[in-house]
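Right, one structure below, let's go through it.
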Amino acid sequence: MEERSTMPDAAVPAVPAVPPTPPVPLAALLAREDLGLRQIAGPRDPATVIHWAHTSEMADPYPYLLGGELLLTAGVHIPEAAGSGTRPGTYFDAYVSRIVEAGGAALGFGVAPVHDTVPRALVEACDRYGLPLVEVPPRTTFSGVARAVWQLMAQARHTELRRVTEAQQSLAAAAARPDPVPSVLRQLAQRVGGRAALYAPDGGEVAAAGRLPAPGAGVEVEVGSALAGLAGVVRPATGGSGGPAPSSASDTVAGVHLAAYALGTGQGFVLGVAAPRRDPGDHTIASVGAVLLSLLTGEHQSSTGAARSSALVRLLLGAAPEEVAPLLDAGERWVVVHALPDGPAPDAVAASALGAALGSPLVDVAGDAVRVLVPAGCREAGAVAGALAGALAGWTCGVSAVVGAREWGLADTQAARALSRARATRARLVRHGDRPGLAGLVPPAEAAAHARTVLAPIADNPALLDTLRTWLSLHGSWDRTAVALSVHRNTVRQRIARAATLLNTDLDDPDVRMNLWFALSHA
């Protein structure tokens with residue numbers, strides 16, 4: 001069947017892209033006794049590999065090759081006059097040069113049924129252009145050769161997966177040792193047969209393991225310097241200039257393969273790896289090491305992260321919030337932010353990103369909303385809300401008043417109510433009102449006692465309390481209250497009517513509403 005190309009000549013890539021399949025040494029294919037293959041021309045390099053087998057009888061196979069193939073042909077395309085005339089071998093020169101230009105790894109020529117022997121001019125052309133030429137005997141079919149290639153590829157893939165799996169297990173075990181960072185570097189260096197180094201944000205070498213696979217002190221220094229320089233390529237630029245740095249980079253110096261991986265801590269740490277060869281799976285193994293080192297060098301391993309862990313343990317063991325607050329931040333004042341995303345329900349990544357934007361790692365995903373405990377320093381609530389507004393794009397937020405650590409629970413309630421009001425009024429940000437008013441003239445204990453007396457008839461019904469509070473805060477709007485509470489407007493009407501009955505009062509009276517609002521504010 002004639003092959004036809006749908007790719008215009010101008011679209012043919014200048015540099016062939018080798019398929020992402022495990023490479024198979026040509027020598028391993030030649031060693032298969034059941035095939036009887038024999039190399040009769042071209043370089044006999046043990047490093048020659050093939051990525052797949054492809055059969056074509058086109059006089060110009062270039063448009064149909066991806067690179068790395070063992071091209072199989074029976075010579076159907078060879079004209080009778082090939083090799084004759086004043087310039088013998090001209091046809092074969094053009095044919096072989098096009099295979100080499102396309103990135104073909106080797107040529108397999110079947111001596112049956114068209115040709116009894118491999119044309120001498122083809123052998124000479126392969127020698128001239130450095131293309132391995134393999135003779136395929138009559139008893140061996142091209143499909144048999146292709147099947148053998150795929151079998152060898154499957155074996156190579158299995159070997160690669162087993163090597164990567166074993167490396168992952170050993171790296172994970174190393175990360176659990178008392179000296180995790182040096183242990184991971186030692187294990188990584190052993191697995192790649194070279195050297196692994198961890199570079200600090202300032203470019204200095206923090207720790208290293210293994211040896212540079214380069215003979216001679218001069219070459220070793222050159223390779224070490226090149227690896228440190230490659231680490232600088234992936235390190236995030238300071239000052240936000242120059243655009244984002246790549247997450248990884250590679251290079252080859254003095255025959256040594258180098259790779260650098262930016263660790264995902266955002267702190268500028270970089271993993272550097274130097275190895276004498278680049279085997280399949282090396283990148284995956286090094287990437288696993290980079291992930292583990294990212295966790296080990298992350299913020300949760302810093303003094304700040306340790307302090308947060310200590311604060312959590314102390315809270316769980318009964319310490320008061322004001323006792324653990326100094327471990328979380330130098331400031332003594334805080335705000336709580338409740339945020340609801342415009343899109344899907346937030347996950348841990350979205351919540352962490354919001355916390356980073358607000359300048360606090362103290363984040364909790366609570367259902368459809370995210371709660372963030374934010375240090376306020378010495379700022380007032382209005383200043384804090386203004387500072388937060390620019391970081392809340394894509395979120396609907398409620399912000400509490402500025403409180404001390406003892407009032408964290410109160411601030412959480414304030415933020416939740418502010419978020420409900422923001423949803424009902426379709427505002428981006430609502431903060432809890434903390435301006436002084438008449439309530440400040442009443443001692444807190446007396447205000448609380450008054451609230452208990454006024455609200456006693458509905459005190460055992462949280463749904464009525466929340467509905468009455470929300471309804472009053474939204475100026476008696478049935479629809480907005482329904483939105484804020486995520487219930488039907490008829491449910492709001494029924495609850496308000498029930499509350500009015502139990503309280504034995506007229507909720508249309510502004511004095512009654514004021515008195516109830518005062519009581520609810522101190523409940």
Side-chain angles (χ1 to χ4, degrees), residues 336-346 364-371 395-401 403 407-435 437-439 442 444-523:
V336 174
V337 177
H338 280 218
L340 190 69
D342 294 346
D364 172 47
V365 180
D368 292 337
V370 176
R371 301 188 299 175
W395 297 82
T396 298
C397 303
V399 182
S400 73
V403 300
E407 291 81 32
W408 280 346
L410 173 62
D412 184 50
T413 301
Q414 293 175 349
R417 294 173 181 170
L419 176 59
S420 294
R421 183 172 176 81
R423 290 182 59 202
T425 58
R426 298 180 181 178
R428 276 295 179 187
L429 185 148
V430 170
R431 64 183 179 90
H432 178 78
D434 58 345
R435 290 177 294 182
L438 293 176
V442 181
E446 295 183 15
H450 174 73
R452 286 193 296 271
T453 301
V454 172
L455 300 174
I458 61 173
D460 295 333
N461 195 325
L464 292 185
L465 282 172
D466 289 343
T467 303
L468 182 58
R469 179 185 291 109
T470 304
W471 183 72
L472 289 174
S473 73
L474 295 172
H475 310 291
S477 171
W478 308 107
D479 292 331
R480 291 183 176 182
T481 303
V483 171
L485 298 177
S486 298
V487 298
H488 195 275
R489 67 194 306 270
N490 289 341
T491 302
V492 176
R493 288 183 177 274
Q494 293 168 4
R495 289 179 182 177
I496 294 300
R498 179 62 176 164
T501 300
L502 293 174
L503 293 171
N504 192 26
T505 189
D506 180 10
L507 294 181
D508 290 331
D509 187 332
D511 289 333
V512 171
R513 291 193 183 194
M514 181 181 68
N515 187 40
L516 287 174
W517 182 251
F518 178 89
L520 288 166
S521 299
H522 293 84

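Between Leu507 and Trp471, the closest side-chain pair of non-hydrogen atoms falls below 4.5 Å. In this structure the side chain of Arg498 never reaches within 4.5 angstrom of the side chain of Ile496, judged on heavy atoms. Taking 4.5 Å as the limit, every side-chain heavy atom of Val487 sits out of range of all side-chain heavy atoms of Thr481. The shortest distance between side-chain heavy atoms of Trp478 and Asn490 does not fall below 4.5 Å. Two residues are said to be in side-chain contact when any heavy atoms from C-beta on lie closer than 4.5 Å; Val399 and His432 fail this criterion. Counting heavy atoms from C-beta outward, Val370 and His338 have side chains that stay 4.5 Å or more apart. Between Leu520 and Leu465 the shortest side-chain heavy-atom distance falls below 4.5 Å.
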Step-by-step side-chain contact (heavy atoms from CB on, under 4.5 Å) determination, Val512 to Leu503 = CA-CA 10 Å; Val512 171; Leu503 293 171; over 6 Å; no
Go through the steps to decide whether Arg428 and Thr396 satisfy the test side-chain contact (heavy atoms from CB on, under 4.5 Å), and finish with yes or no.
-> CA-CA 5 Å; Arg428 276 295 179 187; Thr396 298; 3.9 Å; yes
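Counting only residues at least two apart or on different chains, no side chain to side chain donor-acceptor pair (under 3.5 Å) pair has a member in residues 501-511.
Atom CZ of residue Arg495 and atom CG of residue Leu468 lie 11.5 Å apart, to the nearest 0.5 angstrom. We find the CG-CZ distance between Asp364 and Arg371 to be 4.5 Å, quoted to the nearest 0.5 Å. A distance of 14.5 Å separates CZ in Arg421 from CZ in Arg426, rounded to the nearest 0.5 Å. The CG atom of Asp479 lies 4.5 Å from the CZ atom of Arg489; values are rounded to the nearest 0.5 Å.
The minimum heavy-atom distance between Ala422 and Cys397, with the atom names listed, is CB-O, 3.7 Å. The two residues Ala418 and Gly398 come nearest to each other via the heavy atoms CB-CA, 3.6 Å. Shown here for Thr470 and Ser473, the closest heavy-atom pair between the two residues is O-OG, 2.8 Å. Ala484 approaches Ser420 most closely through the heavy-atom pair CB-O, 3.4 Å. The two residues Ala339 and Trp395 make their nearest non-hydrogen contact at CB-CE3, 3.5 Å. The two residues Val336 and Ala415 have their closest heavy-atom pair at O-CB, 3.3 Å.
Qualifying salt bridge (Lys or Arg N to Asp or Glu O under 4.0 Å) partners for Arg423, counting only residues two or more places apart in sequence or in other chains: none. In this structure, the side-chain contact (heavy atoms from CB on, under 4.5 Å) partners of Ala369, at least two apart in sequence or on a different chain, are Leu340, Leu419.
Side chain of Gln414 to main chain of Ala401: a donor-acceptor pair is present (N/O by atom type, distance under 3.5 Å, no hydrogens or angles). Using a distance-only test at 3.5 Å, with no hydrogens or angles considered, no donor-acceptor pair links the side chain of Ser486 to the main chain of Ala482. Listed for the Thr467 side chain is a donor-acceptor partner under 3.5 Å among the backbone atoms of Ala463.
Salt-bridge check for Asp412 with Arg417: failed, with every basic side-chain N at 4.0 Å or more from each acidic carboxylate O.
At most 12 heavy atoms of other shown residues, nucleotides or ligands fall within 6.0 angstrom of atom CG in Asp368.
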